[in-house]
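To keep things clear, I will list the structure first and then write my remarks on it.
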Amino acid sequence: MADALSVIPSSVIRNLSDKLYEKRKNAALEIEGIVKQLAVSGDHEKISAVISLLTTEFTYSPQANHRKGGLIGLAAATVGLTSEASQHLEQIVPPVINSFSDQDSRVRYYACEALYNIAKVVRGDFIIFFNQIFDALCKLSADSAANVQSAAHLLDRLVKDIVTESDQFSIEEFIPLLRERMNVLNPFVRQFLVGWITVLDSVPDIDMLGFLPDFLDGLFNMLSDSSHEIRQQADSALSEFLQEIKNSPSVDYGRMAEILVQRAASPDEFTRLTAITWINEFVKLGGDQLVPYYADILGAILPCISDKEEKIRVVARETNEELRSIKGEPEEAFNVGAILSIARRQLDSEWEATRIEALDWISTLLDRHRSEVLCFLNDIFDTLLKALSDSSDEVVLLVLDIHACIAQDPPHFRQLVVFLVHNFQIDHSLLERRGPLIIRRLCVLLGAERVYCELSTILEEEADLDFACIMVQALNLILLTSSELSELRRLLKQSLANAAGKDLFVSLYASWSHSPMAIISLCLLAQMYQHASAVIQSLVEEDINVKFLVQLDKLVRLLETPIFAYLRLQLLEPGRYVWLLKALYGLLMLLPQQSAAFKILRTRLKTVPSYSFNGDKLKQAPSGNPYSHGVSQITLDGDITHDNGNLQNEIDFASRLRQFEQIQQQHRMLAAKSQSRNSSTSLSKEVPKAKEPRQPATSDTNRPPSRLSRQGLRQLQI
């Protein structure tokens, strides 16, 4: 201290703390001259004493004017030292940096001015203080005082110039500082940081690309800034880095891919577009390097396929196709289970396009890695079944394609059909809305005969009789109307002349017995008209209800369609098809006379000629049950050869009729039990009333018989 006072006049010390700037400036010039003389003489001890005096008595003084004077004095001393200033920087720079956090904005301003002048003198030598200076400048860039911000901006530009020309700058030490500040929200700080990233990236000797994963997320975060200028600067920096990635032979795609996946789900549209664009380029450039990240990337792409912004949708679809074209193998870290998990989750997406692409991925994996996918079948099977209830027909069809691919193996086929029937049972609306589409598509993919036989086997054992009836009626309607099942209908038409047709008829018979109309339709389709007539005559009063008449109405209308054209043409030869006529008249007798179906069928039967065009005499159909005497052979309509007759006789029709009657009896018992339960419930809730006069009992002669009268059918003459 004494050494310093001996070389610095008291007037200079007094003026250095004056409130007037001009006096402080003049005092600083005096100090510059004194230090310069000391430097020439090589008296560095006295120089250190002068700097120490300026630091302790001025820059750390509680008086603002003293602190201002001290900062100006330190800058002047550095100028006086010129080339020898570097050896005193440890004394000079820390007090200046400390002043950046001063409460007085004027002091902070003078600190910026002082460090600016110091930096101009020492240039690259002050790089050793870069981290502290960068931290201070980062704070000053958001200073509340405009003049401080302006001064800090000038200092920042000088520091950038010094750094770019210095070979002592350590990017490794700088990156942690940058990473810590990248998520700051202040717009001035963000501009400051982007500015530094851009400047350092422009320096050939500094490899910013290698450290991009450390601050990439922060740059993407800036894309959603409220300031257009910041968004533009961040986008410009990202574009430049993406171009460098395209030209670089070695890039760490993995770490950046994780960041991009998260940013692709950003609520900000511009951020999503930029992220999905980067992912698109990564998939093209990274190739096999991205195999471990396929699942994460797919999880980012699939939602973007349904984005409200068209540009994002286009890029996402292109990326999806690029990703699908890369055929990874499990031994190359290609995680089939992870990708299946992503696809399964996206099946719950509210967007149809996303669900479709997720299904396409499952289908692709089945095609390429079937055995691996089947290992995870339990994880996705329930979700795939649930997807059958999707509101989109396209989604349902794709799900069915996947199910069909899985069901190539017999155990999986059985499991599929069982689960399908179970879903129809717990959700009848699914059967109504999607049943025909599902059944028809499965018939195309897996074979109609195979599907129907399996369904029949399952329904034959179904304990829920009401559901079995509903399901059989639905399957029967599909069988009679769908173009996809034309081959199955053709096979059934040959049941009396073809072993395969006969086996199919027998396979369907038991389950079809749950519905009288279904079994009658099956017999008409198989041209087993005598058995159809026997089934009709076996019906009792309880069978003829509203549901039955609705099904009968549908059948009558179906008889007028091209599917049953062969049957109508057979009516031209009544002499050969007596049992057909008897069956049709039997149906007519069951219909209410005022119904439209009655009029349609009666009109058709009126057109039947009273003679046979081939000259055959009209035969009389036997009355009553053709199997009443325990004979299972029947008289066939049409011309059947001896061999075919033997094939026909292989079917025990009497046993089949008993089977039908037994199943129908079970339905009647269930209906009676349900009706009794409902009656008991209603009686228990009924309020007691006064007795009313009893109505006259209905005469037994007016009561309908418990079994349909067959007198009209017995006397049928053609």
Side-chain angles (χ1 to χ4, degrees), residues 257-269 271-273 275-280 282-283 290-328 330 334-370 372-406 419 423 430 434:
E258 295 174 358
I259 296 169
L260 297 175
V261 165
Q262 295 176 359
R263 288 300 169 181
S266 168
D268 179 67
E269 182 181 297
T271 304
R272 291 199 307 278
L273 176 59
I276 203 69
T277 302
W278 272 62
I279 291 174
N280 178 271
F282 272 31
V283 171
L290 290 174
V291 169
Y293 304 95
Y294 268 18
D296 293 334
I297 292 174
L298 183 63
I301 293 171
L302 291 179
C304 290
I305 286 174
S306 302
D307 199 278
K308 61 182 179 181
E309 175 58 43
E310 184 181 1
K311 291 180 181 178
I312 296 176
R313 294 198 302 271
V314 170
V315 178
R317 287 190 177 280
E318 180 185 335
T319 309
N320 187 51
E321 294 306 316
E322 287 283 348
L323 192 64
R324 206 195 321 264
S325 66
I326 303 173
K327 298 180 179 180
F334 183 79
N335 194 331
V336 173
I339 295 177
L340 280 174
S341 179
I342 292 293
R344 178 180 58 79
R345 286 204 300 270
Q346 293 303 325
L347 286 179
D348 293 327
S349 169
E350 61 179 311
W351 306 109
E352 178 184 355
T354 295
R355 299 196 300 274
I356 289 173
E357 290 301 330
L359 289 169
D360 279 341
W361 267 98
I362 295 176
S363 180
T364 300
L365 291 175
L366 266 172
D367 183 52
R368 296 177 184 174
H369 311 285
R370 179 179 177 82
E372 287 82 1
V373 172
L374 293 181
C375 291
F376 297 97
L377 188 58
N378 290 335
D379 297 334
I380 64 172
F381 199 74
D382 287 343
T383 304
L384 289 173
L385 284 172
K386 180 182 175 182
L388 291 173
S389 305
D390 199 277
S391 57
S392 165
D393 285 352
E394 187 174 355
V395 169
V396 173
L397 290 174
L398 284 172
V399 173
L400 290 171
D401 287 346
I402 292 171
H403 277 303
C405 185
I406 295 172
F419 270 98
N423 273 20
L430 174 63
R434 286 283 181 264

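Contact of the Ile305 side chain with the Trp351 side chain is not registered, since no non-hydrogen atoms from C-beta on lie closer than 4.5 Å. For the pair Glu269 and Ile312, the minimum side-chain heavy-atom distance is below 4.5 Å. Under the 4.5 Å side-chain criterion, counting only non-hydrogen atoms from C-beta, Val399 is not in contact with Asp390. Side-chain contact between Glu357 and Arg317 is present, with heavy atoms from C-beta onward closer than 4.5 Å. Residues Tyr294 and Leu323 form a side-chain contact, since some pair of their non-hydrogen atoms from C-beta on lies under 4.5 Å apart. Put simply, the side chain of Thr277 does not reach to within 4.5 Å of the side chain of Thr319, judged on heavy atoms.
Here the CZ atom belonging to Arg313 is positioned 13.0 Å from the CD1 atom belonging to Ile276, to the nearest 0.5 angstrom. Note that CD1 of Ile362 is 11.5 Å distant from CD1 of Ile342, once rounded to the nearest 0.5 Å. Taking CD of Gln262 as the reference point, atom OG1 of Thr271 lies at 13.0 Å (rounded to 0.5 Å). Remark: Leu388 CG to Arg434 CZ distance equals 9.5 Å, nearest 0.5 Å. Within the model, atoms CG of Leu359 and OG of Ser392 stand 9.5 Å from one another, a figure rounded to the nearest 0.5 Å. Between atom CD1 of residue Ile402 and atom OG1 of residue Thr364 there is a gap of 9.0 Å, rounded to the nearest 0.5 Å.
We find that Glu321 and Arg324 are joined by a salt bridge, their nearest charged nitrogen and carboxylate oxygen being less than 4.0 Å apart. With respect to the salt-bridge test (charged N to carboxylate O, under 4.0 angstrom), the residues Asp379 and Arg344 do not qualify.
For the residue pair Leu260 and Ala275, the shortest heavy atom distance occurs at O-CB, 3.9 Å. Of all heavy-atom pairs spanning Ala300 and Ala264, the tightest one is CB-CB, 3.8 Å. Annotation for Ile301 and Asn320: closest pair CG2-CB, 3.8 Å, computed over non-hydrogen atoms. Heavy-atom minimum distance, Leu298 versus Trp361: CD1-NE1, 3.1 Å.
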message = Working note: Leu302 + Arg355, criterion side-chain contact (heavy atoms from CB on, under 4.5 Å); need CA distance, chi angles, decisive distance, verdict.
response = CA-CA 8 Å; Leu302 291 179; Arg355 299 196 300 274; over 6 Å; no

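Identified under the side-chain hydrogen bond (donor to acceptor under 3.5 Å, both in side chains) test for residues 299-308, with sequence neighbours left out: Arg272-Asp307, Ser306-Thr354.
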Donor-acceptor pairs are to be reported for all side-chain atoms of residues 380-387 against protein atoms at under 3.5 Å, with residues two or more places apart or in another chain.
none

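Using modelled atom types, one side-chain atom of Arg370 and one backbone atom of Cys405 make a donor-acceptor pair closer than 3.5 Å.
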